Every structure is written in C-alpha cells, then in structure tokens.
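Below you'll find the structure, written out as structure tokens, and then a few comments.
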Amino acid sequence: SVWPRAPAPLPRPRARWEQVLAGMLRAHQAHDRGDSDAGAAALAGPLQDAGRYPSLLLLRAEAAADDQSRPARLVHDQVRALLARALQLDPRMMRARLNLANLDFTEDRAEQALQTLDALPPGQHPTYDYDLLRYRVLKSRGWTYEAEQALTEARHLAPGACAPLEPQI
C-alpha cells in the first residue's frame with residue numbers, strides 16, 4: 001500500500017514575502033490533508049494583513065469555501081465578504097467576480113449575481129466562463145434572448161472548448 005508522504009518542513013521564513021509564501025504553502029498542505037483548522041491558522045497568522053492584497057483575499061476565500069467543517073451559511077457569508085473586499089480593491093479580478101457571482105447564483109440570488117457580473121470595469125474583456133455564468137443566470141430569470149446572446153459570446157471566445165457546447169446537449 002502507498003502512504004502519502006508528509007510534506008517536508010519549510011525553512012524558517014525571514015522576509016515578509018517569505019512569511020506570506022510559507023503561510024500559503026502551509027494552508028495548501030493542510031487543505032490537502034483535510035485539516036481545515038490548520039489551514040485557517042496558517043492563513044490567519046502571516047496573512048493577517050491580507051486585507052490590503054486582493055489576491056490574498058481571493059486565496060482566503062477559496063480556502064474558506066472548501067471548509068466542510070463549518071456551517072455552510074457561515075462559510076458563505078465569510079467567502080462573500082472576502083470576495084467583495086477583493087473586488088473593491090481590484091475590480092478587474094475576474095476569478096473573484098466569477099466566484100462571487102456563482103456563490104450568489106447557487107444561493108438563488110440571481111439578481112445579485114447579475115449585478116456582480118454587470119459591474120465589469122469598462123474595457124475589461126470577459127472570459128468565456130463569464131459568459132457561461134451570465135448565460136446560466138439569465139436563463140434562470142427567463143431571459144432567453146439575452147441568455148442565448150451570452151452563450152453565443154462564450155462560444156465565440158472559446159470555439160474549441162466543451163463547456164460552451166454543453167447547454168446544447
């Protein structure tokens with residue numbers, strides 16, 4: 001039988017950026033082991049000033065979203081706040097925008113999801129994932145014509161991808 005190897009110990013971080021990187025690595029290792037508390041602790045210490053860095057807020061949100069040990073409502077509220085803060089600091093963060101809109105959509109808050117998607121900064125080009133989520137949200141609202149336009153745009157942005165073709169199947 002094959003046993004997973006324990007991760008090698010990290011060297012003691014000296015510089016601030018090394019502390020942040022070590023915290024991220026420890027959180028990832030803990031997440032892989034299924035230890036949510038250790039992952040949260042790894043992110044809490046060196047990343048306590050993550051509020052100034054949108055990419056670290058996104059990391060914290062994604063780690064929190066995977067936490068099965070806490071009540072879903074509590075986790076969703078925490079994730080929503082982290083993603084909203086990340087977007088406030090950097091409205092161009094597409095992954096944060098998609099995660100927040102998808103969270104709202106899965107909680108039957110289609111109007112809020114649509115507002116998040118529509119708040120795309122001028123000049124930022126959407127990804128096909130953006131248009132696919134927009135398609136799902138619009139279709140759930142019964143806006144068939146607008147939904148089809150979003151799906152057409154997704155197919156245009158990723159003509160060889162499977163995801164934009166799935167709604168046809």
Side-chain angles (χ1 to χ4, degrees), residues 20-21 23-25 27-36 39-40 42-43 47 50-169:
V20 170
L21 182 58
M24 292 168 57
L25 289 172
H28 183 68
Q29 290 170 343
H31 174 71
D32 283 349
R33 290 190 315 268
D35 189 349
S36 302
L43 288 173
L47 302 182
R52 296 183 299 165
Y53 304 104
S55 57
L56 294 180
L57 290 166
L58 177 61
L59 172 71
R60 287 181 61 193
E62 289 178 344
D66 288 337
D67 186 356
Q68 302 295 317
S69 69
R70 289 170 177 71
R73 187 86 220 143
L74 177 69
V75 169
H76 290 178
D77 289 345
Q78 179 186 14
V79 168
R80 181 176 287 104
L82 289 166
L83 293 171
R85 177 69 177 139
L87 284 172
Q88 184 181 31
L89 292 171
D90 185 357
R92 297 164 299 148
M93 287 191 75
M94 184 60 76
R95 202 160 99 202
R97 182 171 305 285
L98 292 175
N99 287 351
L100 181 57
N102 193 54
L103 176 63
D104 285 332
F105 179 64
T106 59
E107 291 185 338
D108 294 326
R109 297 168 48 153
E111 185 64 35
Q112 184 64 34
L114 201 52
Q115 287 175 8
T116 298
L117 291 171
D118 287 344
L120 198 65
Q124 183 175 7
H125 300 290
T127 62
Y128 82 90
D129 290 335
Y130 169 92
D131 285 308
L132 279 176
L133 181 55
R134 189 169 171 72
Y135 162 78
R136 290 176 38 220
V137 172
L138 291 167
K139 187 171 181 180
S140 77
R141 304 282 314 236
W143 298 346
T144 307
Y145 178 76
E146 294 86 351
E148 290 299 323
Q149 286 180 313
L151 186 58
T152 300
E153 186 60 26
R155 288 184 186 134
H156 174 72
L157 291 171
C162 294
L165 300 175
E166 287 176 4
Q168 279 184 312
I169 298 174

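Keep in mind it's a predicted model, so treat the numbers as computed, not measured. Residues take their numbers from the sequence shown, with the count starting at 1.
- When the side-chain hydrogen bond (donor to acceptor under 3.5 Å, both in side chains) test is applied to His156, no partner is found at least two apart in sequence or on another chain.
- Here Asp77 pairs with Arg73, Arg80 under the salt bridge (charged side-chain N to carboxylate O under 4.0 Å, His left out) rule; sequence neighbours left out.
- The closest side-chain heavy-atom distance from Thr144 to Leu138 is not below 4.5 Å.
- For the side chain to side chain contact (heavy atoms under 4.5 Å, CB included) test, residues two or more places apart in sequence or in another chain that qualify with Pro71 are Leu74.
- Every pair passing salt bridge (Lys or Arg N to Asp or Glu O under 4.0 Å) that includes a residue from residues 116-128 is listed here, sequence neighbours excluded: Asp118-Arg134.
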TODO: Start with the C-alpha distance between Leu114 and Asp104, add both sets of side-chain angles, then the distance that settles side-chain contact (heavy atoms from CB on, under 4.5 Å), and finish with yes or no.
DONE: CA-CA 9 Å; Leu114 201 52; Asp104 285 332; over 6 Å; no
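- The CG atom of Leu100 lies 8.5 Å from the CZ atom of Arg109; values are rounded to the nearest 0.5 Å.
- Not a single salt bridge (charged side-chain N to carboxylate O under 4.0 Å, His left out) links Arg136 to another residue, sequence neighbours left out.
- Arg141 meets the side chain to side chain contact (heavy atoms under 4.5 Å, CB included) test with Ala110, Glu111, Trp143; sequence neighbours excluded.
- Taking each heavy atom of Tyr128 and Ala154 in turn, the nearest pair found is CB-O, 3.6 Å.
- Between Leu89 and Leu57, the closest side-chain pair of non-hydrogen atoms falls below 4.5 Å.
- The distance from the CG atom of Leu103 to the CD atom of Gln112 is 10.0 Å, given to the nearest 0.5 Å.
- The CZ atom of Arg155 lies 6.0 Å from the OG1 atom of Thr152; values are rounded to the nearest 0.5 Å.
- Residues that satisfy the side-chain hydrogen bond (donor to acceptor under 3.5 Å, both in side chains) test with Glu148, not counting sequence neighbours, are absent from this structure.
- Glu146 meets the side-chain hydrogen bond (donor to acceptor under 3.5 Å, both in side chains) test with no other residue; sequence neighbours excluded.
- In plain terms, the two heavy atoms of Leu58 and Ala96 that are nearest each other are CD1-CA, 3.9 Å.
- With sequence neighbours excluded, no residue forms a salt bridge (charged side-chain N to carboxylate O under 4.0 Å, His left out) with Asp131.
- Considering only residues two or more places apart in sequence or on other chains, Ala101 meets the side chain to side chain contact (heavy atoms under 4.5 Å, CB included) condition with Ala113, Thr116, Leu117, Leu133.
- Separating the CZ atom in Arg60 from the OG atom in Ser55 is a distance of 12.5 Å, to the nearest 0.5 Å.
- Here the CG atom belonging to Leu59 is positioned 10.0 Å from the CG atom belonging to Leu82, to the nearest 0.5 angstrom.
- The side chain to side chain contact (heavy atoms under 4.5 Å, CB included) search around Leu120 returns Met94, Arg97, Gln124, Pro126, Tyr130, not counting sequence neighbours.
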